[in-house]
Visitor: 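Have a look at the structure that comes next, please.
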Amino acid sequence: MVSHEITFYLAAVVLLVLTAESCIRLLNRDSFGITVGVYVTVFAWYFVDPFINPASYDYLPSSLLGESYGEVLLFLIGFRVFTPAAIRWIGRQRSSGIFATRLTPEQILRGVAAIWLLLFLIGIYRMDGDVMGAVFPLDSRAGMTMWAREAVSSSGSGFLVASGAYLFNAVTAFLGVLIFFQRSIAWRLLAGAMFAITLPYFFLAGARSHFLAAVAFFCLNEGFKFVTAFRGTGFREVLASENPYELMDEDMRTSGLNMIQELCFVNMYLETGGTSPAYGARYLNELLNFVPRVIWPSKPMIGIDYAKWRGFESEDGELGVNTTVSTGMIGGGVLNFGQILGPVAAGILMALWIGVLIYWWEQRKSLLRLVLFMLGAGLTFNLGRDISLLVLWPVIFAYCFVRLAEMWATRRFRELPQLATVTPAGPMQVVAGRLSQ
């Protein structure tokens with residue numbers, strides 16, 4: 001169906017040209033080339049699914065697909081136009097902290113490891129001391145996990161549990177990066193061991209965003225298949241089977257990359273009068289979602305109205321739906337500002353995010369800032385499902401940790417020259433050196 005739409009080809013050509021531009025910029029050691037991450041995200045979420053799951057698009061009107069790819073085109077244009085301005089504006093922001101903290105990779109690892117261990121012990125405590133159950137939550141969402149909580153919690157403890165979960169995600173991602181910068185084999189093995197211990201939890205808990213933040217694109221295709229297939233019922237039957245693939249539908253394909261399909265539904269939602277543009281209210285609700293419900297009892301429940309319209313309403317559970325549905329980064333913009341300004345608004349938000357990443361990349365002489373950049377770059381892909389703080393909380397918690405470390409280092413070394421952290425020459429440092437301007 002999509003191959004019959006002129007807007008599909010226009011959007012594909014623009015995406016190809018912009019991707020080529022970013023790759024050329026990277027080859028020329030221009031940090032603007034980091035924008036390629038957004039183009040890869042757009043391609044994966046909006047251009048792949050119609051070809052791997054074509055039957056899902058047979059019933060959609062041709063005009064609806066054409067309209068949706070027109071919005072993808074508007075997003076790409078808006079993103080490319082506003083990115084230079086976003087980079088300049090964010091680059092002008094000043095910070096009172098020092099970036100070259102003189103902290104060694106081992107010192108940073110000790111701090112991260114201490115937080116990881118504390119959170120891990122809290123998680124085990126919440127599992128009533130069941131260490132194996134904490135590391136291997138075989139029941140997935142059907143059972144208890146270290147950081148499971150009520151979907152709608154009106155107590156302060158719910159906020160603390162959610163914060164702990166995002167912080168645990170952030171420090172685990174930090175460990176994965178710090179492995180490459182340790183001078184000694186012992187420290188490298190320690191970081192690798194803690195990282196490896198945590199991976200089964202992220203995979204079996206069934207949260208694709210957390211899994212992605214921890215391991216980026218490692219085994220992405222097969223991993224997503226297993227997470228999607230068994231997260232609702234658990235993984236015990238999988239482990240007991242001699243051939244786990246026999247339990248999966250042989251025709252099962254990677255699902256969840258269908259943001260162009262959701263964009264079509266979003267357009268129908270607006271055009272049929274199911275809702276009207278929120279003029280930024282949905283983005284504001286996302287921004288204020290961190291406020292605990294015990295403080296704000298009437299806090300809006302994000303995305304519930306759309307999930308009900310999509311047919312997922314249920315009397316069971318606390319949310320009134322049996323699942324929530326991601327509208328995609330472009331669909332979110334459309335729900336907020338309509339079918340013309342919405343895609344451009346989403347493009348501006350992604351331009352601001354890329355500006356932040358480039359800002360951190362240009363401070364990469366500090367290992368802490370380099371780790372921030374890498375964590376943010378890894379989360380960029382998942383912003384394709386929703387431009388939401390629910391995706392970005394790990395990097396926000398990581399940023400708070402970095403700022404605290406920088407302020408502590410400033411006080412400790414204020415009488416010494418402010419020099420860059422010296423790290424061993426490794427694969428990551430070689431890449432950073434080649435891309436430096």
Side-chain angles (χ1 to χ4, degrees), residues 122 126 141 144-170 205-210 259 262-263 265-339 341-342 345-346 348-349 352-353 379 382-383 385-397 399-400:
I122 293 174
R126 297 190 74 243
R141 294 182 178 181
M144 182 65 180
T145 62
M146 283 193 291
W147 298 103
R149 65 186 181 95
E150 296 177 353
V152 180
S153 177
S154 59
S155 66
S157 61
F159 173 75
L160 294 176
V161 171
S163 299
Y166 286 119
L167 183 58
F168 191 56
N169 193 353
R208 288 178 293 186
S209 60
H210 295 175
M259 290 303 103
E262 289 302 330
L263 184 54
F265 289 136
V266 164
N267 284 316
M268 290 178 60
Y269 191 31
L270 288 173
E271 293 171 1
T272 58
T275 190
S276 57
Y279 300 106
R282 290 176 182 267
Y283 281 146
L284 183 61
N285 290 339
E286 293 274 6
L287 186 64
L288 298 178
N289 190 52
F290 70 93
V291 179
R293 199 168 294 276
V294 66
I295 298 175
W296 186 10
S298 61
K299 183 174 71 172
M301 293 186 291
I302 299 172
I304 301 302
D305 60 331
Y306 179 70
K308 290 180 177 179
W309 181 84
R310 288 276 278 107
F312 296 105
E313 186 171 4
S314 173
E315 295 182 359
D316 299 328
E318 304 162 276
L319 296 176
V321 296
N322 52 36
T323 187
T324 54
V325 184
S326 297
T327 57
M329 60 184 177
I330 301 175
V334 171
L335 286 176
N336 272 280
F337 293 103
Q339 293 156 309
L341 296 179
I348 293 174
L349 289 178
L352 290 171
W353 173 242
L379 289 175
N382 215 45
L383 287 175
R385 288 182 61 84
D386 263 322
I387 301 176
S388 168
L389 285 181
L390 295 177
V391 175
L392 295 179
W393 275 123
V395 78
I396 292 173
F397 276 98
Y399 177 77
C400 293

Visitor: Taking all heavy atoms of Val395 and all of Trp353, pick out the closest pair and write down the distance.
Guide: CG1-CH2, 3.9 Å
Visitor: Please confirm whether the ring centroid of Tyr269 lies under 6.0 Å from the ring centroid of Tyr306.
Guide: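 Between Tyr306 and Tyr269, which both carry aromatic rings, the centre distance is below 6.0 Å.
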Visitor: On a heavy-atom basis, which atom in Asp386 and which in Val391 lie closest, and how many Å separate them?
Guide: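 Distance-wise, the nearest heavy atoms are O-CG2, 3.8 Å.
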Visitor: Please determine, by modelled atom types, if Ser388 and Glu286 share a side-chain donor-acceptor pair under 3.5 angstrom.
Guide: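 Yes, Glu286 and Ser388 have a side-chain donor paired with an acceptor closer than 3.5 Å.
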Visitor: Of all the heavy-atom pairs spanning Ser326 and Arg385, show the shortest one and how long it is.
Guide: OG-NH2, 3.2 Å
Visitor: Rounded to the nearest 0.5 Å, how far does CZ of Arg310 lie from OG1 of Thr327?
Guide: 11.0 Å
Visitor: Roughly how far, to the nearest 0.5 Å, is CD1 of Ile122 from CZ of Phe168?
Guide: 10.5 Å
Visitor: Which atoms form the tightest heavy-atom contact between Ala170 and Phe397, and what is the distance?
Guide: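 Looking at all heavy atoms of both residues, the shortest contact is CB-CB, 4.4 Å.
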Visitor: Does Asn336 use its side chain to pair, donor to acceptor, with the backbone of Gly332 at less than 3.5 Å?
Guide: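 Yes: the side chain of Asn336 pairs with the backbone of Gly332.
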Visitor: Does the side chain of Asn289 come within less than 4.5 Å of Leu389's, by heavy atoms?
Guide: no
Visitor: Within the 4.5 Å heavy-atom criterion, are Tyr166 and Leu390 side-chain neighbours or not?
Guide: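 Yes, side chains in contact.
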Visitor: I want to check something: taking the side chain as every heavy atom from C-beta on, are Trp296 and Leu288 in contact at a cut-off of under 4.5 Å?
Guide: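 Of all side-chain heavy-atom pairs linking Leu288 with Trp296, at least one is under 4.5 Å.
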Visitor: Any side-chain heavy-atom pair from Pro277 and Phe337 closer than 4.5 angstrom?
Guide: no
Visitor: Does any N or O in the side chain of Tyr283 come within less than 3.5 Å of the main-chain N or O of Gly333, such that one atom is a donor and the other an acceptor?
Guide: yes
Visitor: Minimum heavy-atom separation for Val291 and Lys299, please, with both atom names.
Guide: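 It is O-NZ, 2.8 Å.
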Visitor: Considering only heavy atoms from C-beta outward, does the side chain of Leu392 approach that of Leu383 to under 4.5 Å?
Guide: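 Yes, their side chains come closer than 4.5 Å.
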Visitor: Heavy atoms only: give me the nearest Pro300-Asn285 pair and the separation to one decimal.
Guide: CG-OD1, 3.6 Å
Visitor: Charged N to carboxylate O under 4.0 angstrom, Asp305 versus Arg282?
Guide: yes
